[in-house]
Undergrad: 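Would you mind keeping the following structure in view while I ask a few things?
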Number of protein chains: 2
Amino acid sequence: MNRIQHTRESLIAMLRRHDVNPTHQRIEIAYALFGHGAHLSADQIMARVNGRHSETSKATVYNTLNLFLEKQLIREVIVDPNKVFYDPNTEPHYHLYDADTGELTDIDASEVTISGLPQLPAGVVTEGVDVIVRVRSRLR
Amino acid sequence: MNRIQHTRESLIAMLRRHDVNPTHQRIEIAYALFGHGAHLSADQIMARVNGRHSETSKATVYNTLNLFLEKQLIREVIVDPNKVFYDPNTEPHYHLYDADTGELTDIDASEVTISGLPQLPAGVVTEGVDVIVRVRSRLR
DNA sequence: AAGAGGAGTTAGACACAGTCCAACCGTTGC
DNA sequence: GCAACGGTTGGACTGTGTCTAACTCCTCTT
């Protein structure tokens with residue numbers, strides 16, 4: 001996995017490239033998301049951003065995440081009924097979800113091929129194909 | 001698509017086969033789910049069951065859906081961040097989700113092949129593979 | 001027939017993710 | 001200095017889903 005080193009400057013440049021005004025809070029949130037390549041939920045991001053003292057409000061976190069989504073900086077991963085994960089990796093790839101630990105891992109798309117998907121009706125545009133491999137680690 | 005005709009008796013038999021005590025409410029909910037082959041959310045099921053007069057409480061609907069899940073009568077489909085769909089079809093198959101209409105359609109699994117999924121770590125058991133083709137019908 | 005017991009159901013309170021809104025803040029331009 | 005505007009904020013609000021303690025219904029026993 002190619003982990004990129006993100007400096008404050010490279011993050012700002014990235015925001016600018018995606019037409020996002022780099023404010024203090026947005027840089028903090030971008031740092032939380034891109035700093036570690038992990039998949040985080042909104043509340044985990046809040047916790048990271050407000051680590052020492054509370055600095056950024058819940059509204060801003062949600063506003064920013066939705067802005068990042070819109071501007072295609074990040075991706076939404078819907079695997080758990082009670083929280084959405086945000087994925088800093090926008091390259092096409094798939095996911096492995098462990099329902100017991102709640103951990104979400106990437107699967108490289110280049111290794112996987114899907115064939116035989118049906119023709120879509122006219123006027124319909126594909127947004128993407130999500131593949132989620134669901135596993136359990138704990139015995140039951 | 002093979003649509004099966006469900007009589008009250010066949011539903012009761014089905015519940016029994018899956019080790020579920022067939023009470024009045026459970027039969028009603030099973031009827032709502034299996035009567036039409038559609039994917040419904042909990043509130044849609046509530047609306048169907050309580051069509052004329054309110055008969056079944058929210059708690060019972062959720063209890064029953066979770067019981068059905070546990071007993072493998074139905075499957076959960078997580079595609080929308082703010083509601084879970086319940087799928088009466090437990091055969092392996094995939095889904096097409098239209099984010100604009102909120103409609104969820106089946107894709108026959110026999111036509112689709114996925115190859116190249118990575119080896120899983122030891123002690124981890126695959127629960128299933130979800131494939132969701134996300135589309136938009138509305139122009140933006 | 002009466003009562004005990006257990007499974008199932010219920011209303012309503014609750015938990016929690018996410019949205020909305022109106023007030024506020026900070027920067028820029030004049 | 002001050003207007004304007006984008007961004008942020010707390011707090012109220014919404015909607016799914018869970019919890020709980022009381023209640024109903026059915027069956028079994030005597």
Undergrad: Side chain of B/Val84, heavy atoms from C-beta onward: which of D/dG17, D/dG11, C/dT10 has the nearest atom to it?
TA: D/dG17
Undergrad: If Ile, Leu, Val, Met, Phe, Trp and Tyr residues are connected whenever their side-chain heavy atoms lie under 4.5 Å apart, and connections chain through other members, are B/Ile132 and A/Val133 in the same group?
TA: no
Undergrad: For nucleotides 23-27 of chain D, which of its nitrogen or oxygen atoms have a protein nitrogen or oxygen under 3.5 Å away, and what is each distance?
TA:
none

Undergrad: Choosing from C/dA11, D/dT9, D/dA12, which nucleotide comes nearest the side chain of A/Lys58?
TA: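 Of C/dA11, D/dT9, D/dA12, D/dA12 is nearest to the side chain of A/Lys58.
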Undergrad: Please give me every residue in residues 67-74 of chain B whose heavy atoms get under 4.0 Å of an atom in DNA chain C, ordered by residue number.
TA: none
Undergrad: Restricting both atoms to N or O, compile the protein contacts to nucleotides 4-7 of chain D shorter than 3.5 Å, with distance only.
TA:
residue	atom	partner	partner atom	Å
D/dG7	OP1	A/Arg26	NH1	3.1

Undergrad: Just checking B/Glu103: does its CD atom have more than 12 heavy atoms from other residues, nucleotides or ligands closer to it than 6.0 angstrom?
TA: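 Open: at most 12 neighbouring heavy atoms sit under 6.0 Å from CD of B/Glu103.
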Undergrad: Under 4.0 Å: is that the gap between some side-chain N or O of B/Tyr62 and OP1 or OP2 of D/dG17?
TA: yes
Undergrad: For the pair made of CD in B/Glu76 and P in D/dT16, what is the distance, rounded to whole Å?
TA: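 Whole-Å distance recorded here is 16 Å.
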Undergrad: Measuring from the side chain of B/Asp43 (C-beta onward, heavy atoms only), which nucleotide among D/dT16, D/dT8, C/dA17 has the closest atom?
TA: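 Ranking D/dT16, D/dT8, C/dA17 by closest atom to the B/Asp43 side chain puts D/dT16 first.
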Undergrad: Output yes when at least one side-chain N/O atom of A/Asn66 is less than 4.0 Å from OP1 or OP2 of C/dT19, else no.
TA: yes
Undergrad: More than 12 non-hydrogen atoms from neighbouring residues, nucleotides or ligands closer than 6.0 Å to CD on B/Glu55, yes or no?
TA: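 For B/Glu55, atom CD is crowded (more than 12 foreign heavy atoms under 6.0 Å).
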Undergrad: Is there a side-chain contact between A/Thr60 and the phosphate of D/dT9, meaning an N or O under 4.0 Å from OP1 or OP2?
TA: yes
